[in-house]
Structures are given as structure tokens and as C-alpha cells.
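Take a look at the structure set out below.
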Amino acid sequence: MIEHKLLAKGVLGIAVSGVISLSQAHAEQVPGRFMPVIGPASAPAGHIDFCQNYPQQCRYGTNTPLVGRLTKERWQELQDVNALINTQVRPVTDEQLFGVREYWTYPQGAGDCEEYVLEKQRNLIALGWPPSSLLITVVKDLNNSGHAVLSVRTDQGDLILDNQTSSILPWYSTPYRYVKRQSARHAAAWSAISDKRVATVASIPE
């Protein structure tokens, strides 16, 4: 718990102090701050169906993906959106809502982890965040169950917005094993992640 608070405080401290002019090229030389993306991966079935239902959300593509510059104001936006959606959306499984094991859509007051992620992504894009910096990400939790979080690519590293916690943490400080995420170059494509960390954090704060 103390470690998590210090890590979260450290991220905020970077923004508040104004040490935010680090270029992406220089930042990516720092080991561990950015997820090691190794190549293409298959898209989750739920996302394929989502793209069929919301094709306009999956048309985005770029040859020069951008990261978000983590200013004090941008950090506050991440905190506000994460807290708002975590509060507004009631956790309910797809089986309970739709009668199927996996169904990705925007929440209507309730949803599972993917609905939280999609709504946070939509809110942050509306606030002016580059779509290439907001990537749906699939992980394995401590029970080896699939889970989805939102990766936010910033000039200070990859941060994670999660419906399981109000804290926004660097990706390497979460208790998950990272499997794959949306490609930063095209919203309908996915990239594999090589997560070879030996240990994960034992728990996440409420």
C-alpha cells in the first residue's frame, strides 16, 4: 500500500514539478517505463465485434503515433475521468447483461472491465488526448484471468487506468501480466507485449 502511494505520488510529482519536456525518443531509452511491444497480435473477439458495431471508432490510423504530454492539467484529467467512470458504471458481467461470455460496447450505467475502458477512452479523446495514446490493453490478473485496462502512453511512460482501483499507476507497478494491446498505429490492429518481469505487485489499493 505504501509503495503504491509513493509511486502514484511520484507520477503526480513529475507533472507538478514541470519536469515534463522530455522528448519521446529520449524517454523511451529509460528501461521499464514503456511496455515492450514486440509485433502484431490477434485482436480479441470482443473488439472485432465492437469494430463491426462501431466502425467509426476503429478507422483511426497514423504513421506517426503520438504520446500525451503529462502536464499538471493532463494528469488531473486522467484522475477525473478514471474516478468518474469507476463511480458511474456499475460492475456487471457480460453474461448477466447480454447473456454471452464476451461483448464489448459502451456502458449504459453498467458493464464489465471492457466497458469501463471504452468509456474512459472515449472521454479522454473528447478532451483532446491523441487516440494513439489511449490503448485498450489485455492482461492476466493474479488468478490468471483475463482483464482489460486502459494504457495511457505519455512522455513520462505508460500509465494504467483500471476499474479495480482509483490509483493511476505506471504499468510495471500493477499486479498484472501484460499480454497485448491496441496498436498505436491503427485502432483496429493489436500488438503483442513481451512482459518478462519476474514478479508482480502483490495487491492494488482501493
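Heads up: numbering here begins at 1 and tracks the sequence. Just so it is clear, the values below take in all heavy atoms, side chains as well, and ignore hydrogens, waters and symmetry mates. All of these numbers come straight from a predicted model, not from anything done at the bench.
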* Separation between CD1 of I38 and CD1 of I193, rounded to the nearest 0.5 Å -> 9.0 Å
* Side-chain heavy atoms of L70 within contact of L78, under 4.5 Å -> yes
* Asked: Under the 3.5 angstrom rule, does the side chain of Q88 hit a backbone N or O of I85 as a donor-acceptor pair?
  -> no
* Structure fact -> Separation between OG1 (T174) and CG (L159), nearest 0.5 Å, reads 11.0 Å
* Output, in order, the C-alpha distance, side-chain angles, deciding distance and verdict of side chain to side chain contact (heavy atoms under 4.5 Å, CB included) for T105 and E115. => CA-CA 6 Å; T105 188; E115 278 70 57; 4.0 Å; yes
* To do: Decide whether E77 and W129 meet the rule of one side-chain donor and one side-chain acceptor closer than 3.5 Å.
  => yes
* **T87 side-chain N/O to A83 backbone N/O, donor-acceptor pair under 3.5 Å** => yes
* Donor-acceptor pair, S191 side chain versus Q182 backbone, under 3.5 Å? -> no
* To do: Ignoring hydrogens and angles, tell me if any N or O in the side chain of R33 forms a donor-acceptor pair with the backbone of Q156 under 3.5 Å.
  => yes
* **T165 backbone acceptor or donor facing D162 side chain under 3.5 Å** => no
* To the nearest 0.5 Å, how far apart are CZ in R101 and CG in D112? -> 11.0 Å
* To do: Indicate, with yes or no, if the rings of H147 and Y176 have centres closer together than 6.0 Å.
  => yes
* Asked: Under 6.0 Å from the CD atom of Q108, do we count more than 12 heavy atoms belonging to anything else shown?
  -> no
* Taking all non-hydrogen atoms of both residues into account, name the closest pair between Y116 and G111 and its distance. => CE1-O, 3.6 Å
* How many angstroms lie between atom CD1 of I48 and atom OG of S42, to the nearest 0.5 angstrom? -> 7.5 Å
* Asked: Does NZ or CZ of R181 fall inside the cone over W190's six-membered ring, less than 6.0 Å from its centre and within 45° of the axis?
  -> no
* All pairs passing salt bridge (Lys or Arg N to Asp or Glu O under 4.0 Å) where residues 117-139 contributes a residue, at least two apart -> E119-R122
* Does any pair with a residue in residues 89-114 pass ring-ring contact (aromatic ring centres under 6.0 Å, His included), and if so which ones, sequence neighbours excluded? -> H47-W104, F50-Y106, Y54-Y106, F98-Y103
